[in-house]
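Everything below concerns the one structure shown next.
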Amino acid sequence: MAKDKFKISFSEATAAAFKSLYADKYETTGDNQVFSSDFIYENLEKPKDPSMGRFALPVFRFGKLLEDKPPSIAAKVAPESNKFLSSSLNGPVIVTVEAAGGFLNARPNAELAASSTIVAVLDSGRDYGNSTVGQQRKILIEYSSPNIAKPFGVGHLRSTMIGNSLRKIFKALDYDTMGINFLGDWGTQFGKMIVAYRRWGSEDTLKNNSVQNLLDLYVKFHETAKKNSSLEDDAREAFKKLEQGEKSETELWEKLKNISLTEFDRIYKILGVEFDWITSESFLNDKMAAAIARLERAGLTSVSEGALIVDIDDPQLPPVLLRKADGATLYATRDITGLFYRWQEHKFHQSLYIVGSAQSDYFKQLFKVIELMEKSENSDASNAMSGKTKHIEFGWVKFGDKAMSTRQGNIVILEDVIDKAAELARKRIEEKNPGLKTIEETSRIIGTGAVIFSQLSVRRHKDIRFDWDQVLNFEGETGPYLQYTHARLCSLLRNYKGTVSSDIDYTLLAGSEESRVIDLLADFPDTIEDAARDYDPFYIAAMLLKLAGAFNKFYQRKNKQGKSDKILSDDKELSAARIALVKSTQLVINKGLYLLGLEAPQEM
RNA sequence: GCCCCCGUAGCUCAUUUGGAUAGAGCAUCUGCCUUCUAAGCAGAGGGUAACAGGUUCGAAUCCUGUCGGGGGUACCA
């Protein structure tokens with residue numbers, strides 16, 4: 001993480017202040033705790049209320065060490081810190097410290113903060129916020145991974161958008177990222193589809209609106225199977241034949257698969273989602289035997305009730321099935337095989353699975369198998385995939401009160417949602433900006449923006465309730481609000497006649513509204529790293545909302561006469577300074593939206 | 001039964017490794033466009049953070065228990 005010069009100055013001055021005020025304690029403690037500037041730097045926090053300062057050091061925990069009361073410590077240290085801060089430099093004081101209860105609140109010199117931030121943003125442009133921490137280490141990210149022969153529902157959206165965003169985030173941090181779409185095109189479900197198609201389907205089923213028809217078949221299968229359990233046996237039988245390469249099953253499967261692939265491709269284009277590798281379960285068909293053999297060699301397998309299993313020696317988790325009693329493989333078999341393959345091909349630093357939390361036990365099992373196997377093989381840690389795989393889980397997308405379930409037909413088709421949102425956006429544009437030439441494209445950008453953002457604006461582990469009214473609302477904490485702010489920034493830049501430059505009078509940007517915007521711009525690089533650390537794009541979404549809010553507040557600020565205090569005016573110096581802030585904000589919102597997977601319209 | 005996750009304003013959610021007076025948005029109400037995009041801004045009301053204990057200088061956050069919701073629990077993926 002790039003060190004912040006304001007925080008460094010504060011930490012050094014404050015460590016010096018502690019040393020001089022508590023010299024006796026320093027003698028016994030040495031350069032540790034509050035007497036170490038590094039320690040102070042590491043323990044800085046962000047004040048809850050931004051008006052209290054940009055960063056803060058809580059001193060409560062040092063009460064015992066210093067044998068003093070926290071408010072008293074803060075009250076003594078603050079002036080001493082300020083003394084060091086002003087004496088150590090010839091130039092202006094770059095940070096001022098203020099005691100507030102048990103906190104030392106620090107505020108960078110507004111003018112210096114403005115200049116260092118804006119220079120950094122304008123110099124880096126689109127690269128602002130990027131870093132080199134990844135050092136080109138390889139990260140595999142598996143996301144989306146829908147099942148073929150089912151429509152792309154809102155339930156798949158969460159994995160898709162989190163993964164798509166993480167891929168961009170890790171790329172920005174100089175990781176060598178690889179986005180993988182692991183399509184579910186194998187397994188008993190295709191036995192089900194084959195059985196259902198033979199019973200109720202026809203050539204017509206595959207023609208018009210065919211994915212919807214496939215869903216109807218799938219739902220009908222499960223309805224019927226409730227009453228007639230022999231259907232499930234038929235499905236298993238059909239899948240077994242497919243796995244053995246029987247011609248008629250294979251041909252039908254190919255048809256179902258092609259319909260879905262075309263469909264998914266279209267959806268991903270609409271969403272702007274990209275992958276580096278689109279693969280599928282059937283790709284692993286000829287590699288599973290070797291994978292099973294490897295586990296057998298490692299002495300992990302046994303036969304139980306006719307099935308080939310790995311007992312993972314955990315009372316809380318069931319064994320992993322590799323082969324069913326009828327000889328057919330399971331999802332776990334293919335996942336393990338796929339992992340072997342990915343390791344062999346890519347020797348990844350990390351491999352992430354963006355999959356719902358319902359599967360958390362499953363991934364525990366999976367990773368345990370790998371761990372046991374490598375232990376048994378005596379792999380040395382540097383050449384082991386164990387410990388490098390991670391299940392990035394997220395909450396369910398609920399519809400009504402229930403989880404969305406394809407089997408029960410309780411599913412909202414993603415494209416319906418996007419179409420509705422885009423339609424609504426179009427109406428808004430027709431009312432408000434009827435001259436807009438790119439109305440078609442722009443309404444689509446806004447519609448998808450609303451839908452995508454709804455998935456990323458809640459922390460990953462939480463369940464999301466899918467609510468039409470909420471998704472179709474474009475006001476407040478929404479994607480369209482960010483896009484609107486971006487369009488507004490672009491509009492200002494179009495209206496400005498001069499050239500945007502960071503060579504401006506920074507004293508003109510020292511107001512509290514400007515400072516708030518600048519603080520948030522300065523936080524952006526850390527926010528990207530936070531998002532990467534927790535594998536959660538939410539941090540970026542939340543920060544952008546704050547930034548947009550702070551900017552809009554500045555934009556609509558009124559002057560003393562109660563008139564709006566315009567960004568652009570006859571005052572050339574002032575306009576030049578403000579437009580530099582506008583450009584910086586526009587760049588960061590644009591980049592942030594990009595990292596989330598939203599497009600940023602110039603006009604709307 | 002056992003295991004995991006969740007419970008914060010009427011609703012949807014923040015509060016990053018425990019920190020300051022628990023904050024936003026939606027909805028409701030009140031203001032603000034003859035000049036930079038009102039998809040905006042300003043303001044009002046709205047809280048026993050499910051409940052009860054515990055740890056701590058300090059708990060929405062950590063621990064224990066209770067209640068409520070969701071998920072998982074070998075031949076689905």
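Chain identifiers are assigned alphabetically (A, B, ...) following the order of the sequence lines, protein sequences preceding nucleic acid strands; residue numbering begins at 1 within each chain.
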Nearest to the side chain of A:Arg236 - B:rC36, B:rU15, B:rC76? B:rC76
Given that A:Ile309 and A:Leu424 both sit by RNA chain B, which one's nearest nucleotide is further toward the 5' end? A:Leu424
Any idea how A:Tyr218 and A:His222 line up, ring-wise: parallel (<30°), tilted (30 to 60°), or perpendicular (>60°)? perpendicular
Per nearest nucleotide of RNA chain B, the residue lying toward the 5' end, A:Phe554 or A:Ser457, is A:Ser457
Interatomic distance where CG belongs to A:Leu482 and C1' belongs to B:rG40 [whole Å]: 13 Å
Pick base, sugar-phosphate or nothing for A:Lys69, based on heavy-atom distances below 4.0 Å to the nucleic acid. nothing
Does a side-chain N or O of A:Lys364 approach OP1 or OP2 of B:rC4 to a distance below 4.0 Å, or not? no
Checking side-chain polar atoms at under 3.5 Å, does A:Tyr481 have a donor or acceptor matched by the opposite partner on A:Asn552? yes
Base B:rU37 to side chain A:Asn433, donor-acceptor N/O within 3.5 Å cut-off: no
With a 4.0 Å cut-off on heavy atoms, is A:Lys553 in touch with a base, just the backbone sugar-phosphate, or nothing at all? sugar-phosphate
Does one side chain, of A:Glu243 or A:Thr329, offer a donor that lies under 3.5 Å from an acceptor on the other? yes
Looking only at atom C1', what distance separates B:rG71 and B:rA9, rounded to whole Å? 28 Å
How are the rings of A:Phe190 and A:Trp253 set relative to one another: parallel (under 30°), tilted (30 to 60°) or perpendicular (over 60°)? perpendicular
By side chain to side chain contact (heavy atoms under 4.5 Å, CB included), which residues pair with A:Pro70, not counting sequence neighbours? A:Val59, A:Phe60
Tell me if the centroids of the rings in A:Tyr331 and A:Trp186 come within less than 6.0 Å of each other. no
Determine the interatomic distance between P on B:rA60 and the same-named atom on B:rA52; round to the nearest Å. 13 Å
Convert the base pairs of RNA chain B into dot-bracket notation, remembering that pairs crossing earlier ones are written with [ ] and that bases paired across to another strand are shown as |; include only Watson-Crick or G-U pairs under 3.5 Å. (((((((..((((.....[...)))).(((((.......))))).....(((((..]....))))))))))))....
Measure all distances between protein nitrogen or oxygen atoms and nitrogen or oxygen atoms of nucleotides 17-27 of chain B, and list the pairs falling under 3.5 Å.
unit_1 : atom_1 : unit_2   : atom_2 : d
B:rA20 : OP2    : A:Lys48  : NZ     : 2.8
B:rA20 : N6     : A:Asn105 : OD1    : 3.1
B:rA20 : N1     : A:Asn105 : OD1    : 2.9
B:rA20 : N1     : A:Asn105 : ND2    : 3.1
B:rA24 : O2'    : A:Glu477 : OE2    : 2.4
B:rG25 : O4'    : A:Glu477 : OE2    : 3.4
B:rG25 : O2'    : A:Glu477 : N      : 3.3

Can you classify the ring geometry of A:Phe551 versus A:Phe554 as parallel (below 30°), tilted (30 to 60°) or perpendicular (above 60°)? perpendicular
Is it true that the side chains of A:Gln586 and A:Lys583 contain a donor and an acceptor less than 3.5 Å apart? yes
Compute the centroid of each ring, for A:Trp468 and then for A:Phe466, and state whether the two points are separated by less than 6.0 Å. yes
